[in-house]
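These numbers come from a predicted model, not from an experiment.
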Amino acid sequence: MDRILQEFASLNRIPRPSGHEAEVAAYLAQWGRDMGYKVVTDEKLNVIFEVPPSEGRENVACTILQAHTDMVCVGGSDYDPLKDPIVTVNDGKTLKASGTSLGADDGIGVSVILDFLKSGQPHGPLRVIFTADEEEGMSGAASLDEAYLQAPYLINLDWEDINSLCLGCAGFLTVEHKKFAVKTEVKAEPVRFSIAGLKGGHSGTEIGDGRANALKLMGIFLQRLLKEDIAFRIASLSGGRAMNVIPYSSQVDIIFTDDGSSKAQAVFKSVAAKTALAFPGEKGLTFNASITSLAESAYSFDDTKDIVGFLSQCPHGVKERSQVVNDEVSLSNNLALVREEENSLSFWLSYRGDADAKMTSFSEATGILGQKYGFKKIDRGMSPAWPPKENNSLASLALKVYKDNNGILPKIESVHAGLECSYFALKNPELEMISIGPTVLWCHSVDEVLYLDSLVILRRWLRDILDAIK
């Protein structure tokens, strides 16, 4: 383990935020050349080693070892991610950083690979791929020449739980539903209705937890107003923070006619009470209504009805669960954002699924709903899925080795978020892959921590998998 930590310390002396991997790529390329390997650095700063087999292992199948070089850099105001090294603190049980993110995601994966290459342990032919820009779009993996993926096996070392084995990940589809709607001039004091304090969370890993979506709650409230025949116009609507975050707050400014305001506030209280019963885990939930500053424009009654119709009926949450991997989420949608621009309003949705066709079909159904209310569907980008293989001999081998070493089997998972393996599967569908790694918690924060005992288990696990491949 000491050699892994030494490699990690050397890596952490090199600033490597996403998009700034030139220095770490040069370091790794020189490392490989010093070992006598054939080394290639491509235009995206992916670094590839061709590692010859140990004596007597020349006829063993080639295995790819892969990790990414960039990290999410978080720290205080005096931390410069483009200049400052990561200073680690080792208490004998854990490894942390002093005031910054640790960079174990995925610097520790890189370091485990470097340690293995120096260990002298027997292995067949290896190809090592260090990819760039994983954290901000996976452009390194997406652009990697598929020729480097022509091998039967790939071991990705970007997993963060030593007690589990990842065999698949979701793809990601972003869709905008845009309605062209011109606000007309008004002079009125709207009532502002705000929903806040929800847990939110990651739209992949926490979408199956049944957390409330603040935009969906707002849609329920606005639909109730229409059902109660309360005449109103939306002056503004906001909510959501990012495509991969479940909205934890939303806000609408409403202009009423006649006595609609008092009736609407009674409806708002009723929705709040029912929401508290439906989502008992949302302890921080708040519903607030107040008069706000003078509004100068608002959507027409017809456009307001269309906006409410789509918002209230738009799907959110789990659509399907896997029949292959532990009943985990296999298809979902996050109603992520609402954005107002001049003469238009858009809802942004993010779909995740274990098959591209599932995401596309789901989004098309939502598009038909949007058309009903005058919304145009605009696809804004897709990353592929890595579907779990029912017959994955590398996974079977890894499970056997783990049980032989530890006396128990690891949990088998397919994560409802993205891994670079999705692009590798797209480029070589026959590639058998697994993702493994030590236990790392609270990645991308100053609290990020690596558990050292899990690193010992990982090192032995990788060694014995490579030794067992024939």
Side-chain angles (χ1 to χ4, degrees), residues 175-198 212-241 247-275 285-314 316 335-349 366 369-378:
V175 177
E176 178 187 7
H177 295 269
K178 174 176 281 191
K179 182 176 180 64
F180 293 94
V182 179
K183 291 183 181 180
T184 57
E185 184 177 347
V186 296
K187 293 291 182 182
E189 289 186 338
V191 180
R192 175 167 294 171
F193 296 88
S194 301
I195 300 172
L198 298 175
N213 179 321
L215 277 173
K216 285 301 298 179
L217 294 179
M218 191 63 77
I220 291 170
F221 162 60
L222 295 174
Q223 184 62 37
R224 279 281 306 276
L225 296 185
L226 293 180
K227 188 175 181 180
E228 298 288 337
D229 293 323
I230 298 173
F232 68 95
R233 296 168 65 185
I234 293 175
S236 68
L237 176 64
S238 61
R241 188 181 72 84
Y248 49 78
S249 64
S250 63
Q251 177 178 289
V252 64
D253 290 351
I254 298 178
I255 296 171
F256 294 98
T257 59
D258 303 325
D259 61 348
S261 176
S262 58
K263 292 180 180 178
Q265 292 188 52
V267 171
F268 198 53
K269 289 180 180 179
S270 172
V271 172
K274 291 181 179 179
T275 300
L285 176 65
T286 61
F287 278 66
N288 291 307
S290 61
I291 302 296
T292 188
S293 57
L294 191 70
E296 297 183 351
S297 62
Y299 297 106
S300 69
F301 287 109
D302 287 341
D303 285 340
T304 292
K305 289 179 180 178
D306 285 342
I307 292 166
V308 174
F310 182 73
L311 176 59
S312 62
Q313 296 175 52
C314 181
H316 168 83
L335 173 57
L337 297 167
V338 58
R339 289 176 177 166
E340 288 186 286
E341 298 177 344
E342 187 176 0
N343 300 333
S344 70
L345 179 145
S346 295
F347 292 106
W348 288 71
L349 284 66
T366 309
L369 172 68
Q371 288 177 359
K372 176 181 176 182
Y373 294 106
F375 285 81
K376 179 182 178 182
K377 177 178 176 286
I378 307 169

To check you understand the geometry: which heavy-atom pair defines the closest contact between [X] and [Y], and what is its length?
{"X": "K179", "Y": "Y373", "value": "NZ-O, 3.1 Å"}
{"X": "A295", "Y": "A235", "value": "CB-CB, 4.2 Å"}
{"X": "G219", "Y": "S312", "value": "O-CB, 3.6 Å"}
{"X": "L237", "Y": "L311", "value": "CD2-CD2, 4.3 Å"}
{"X": "S261", "Y": "V191", "value": "OG-CG2, 3.4 Å"}
{"X": "L294", "Y": "A188", "value": "CD1-O, 3.2 Å"}

How far does [atom1] of [X] sit from [atom2] of [Y], to the nearest 0.5 angstrom?
{"X": "D253", "Y": "R233", "atom1": "CG", "atom2": "CZ", "value": "13.5 Å"}
{"X": "I307", "Y": "S300", "atom1": "CD1", "atom2": "OG", "value": "8.0 Å"}
{"X": "L349", "Y": "T366", "atom1": "CG", "atom2": "OG1", "value": "6.5 Å"}
{"X": "N213", "Y": "H316", "atom1": "CG", "atom2": "NE2", "value": "4.0 Å"}
{"X": "C314", "Y": "K216", "atom1": "SG", "atom2": "NZ", "value": "6.0 Å"}
{"X": "T257", "Y": "F232", "atom1": "OG1", "atom2": "CZ", "value": "10.5 Å"}

Test item: [X] and [Y] side chains (from C-beta on) under 4.5 Å apart, heavy atoms:
{"X": "F221", "Y": "I195", "result": "no"}
{"X": "V271", "Y": "L217", "result": "no"}
{"X": "E340", "Y": "Y299", "result": "yes"}
{"X": "K187", "Y": "E296", "result": "yes"}
{"X": "S270", "Y": "R224", "result": "yes"}
{"X": "W348", "Y": "R339", "result": "yes"}
{"X": "I220", "Y": "K274", "result": "no"}
{"X": "I254", "Y": "T304", "result": "no"}

If only atom types and distance count, is the side chain of [X] paired as donor or acceptor with the main-chain N or O of [Y] below 3.5 Å?
{"X": "R192", "Y": "T292", "value": "no"}
{"X": "S346", "Y": "E176", "value": "no"}
{"X": "K227", "Y": "L222", "value": "no"}

Legend entry - Residues E341 and K178 bridged, charged N to O under 4.0 Å: yes
Legend entry - Side-chain donor-acceptor contact under 3.5 Å, S194 with N288: no
Inset, instruction - Count the heavy atoms belonging to other residues, nucleotides or ligands that lie under 6.0 Å from CD of Q313, then report whether that count exceeds 12. - result: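 Enclosed: over 12 neighbouring heavy atoms sit under 6.0 Å from CD of Q313.
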Legend entry - Enclosure of K377 NZ (heavy-atom neighbours >12, cutoff 6.0 Å): yes
Inset, instruction - Would you please classify the geometry between the F268 ring and the F193 ring as parallel, tilted or perpendicular, with 30° and 60° separating the classes? - result: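 Judged by the thresholds at 30° and 60°, the geometry between F193 and F268 is perpendicular.
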Inset, instruction - Quick one: do F375 and L345 satisfy side chain to side chain contact (heavy atoms under 4.5 Å, CB included)? Show the steps, please. - result: CA-CA 9 Å; F375 285 81; L345 179 145; 4.2 Å; yes
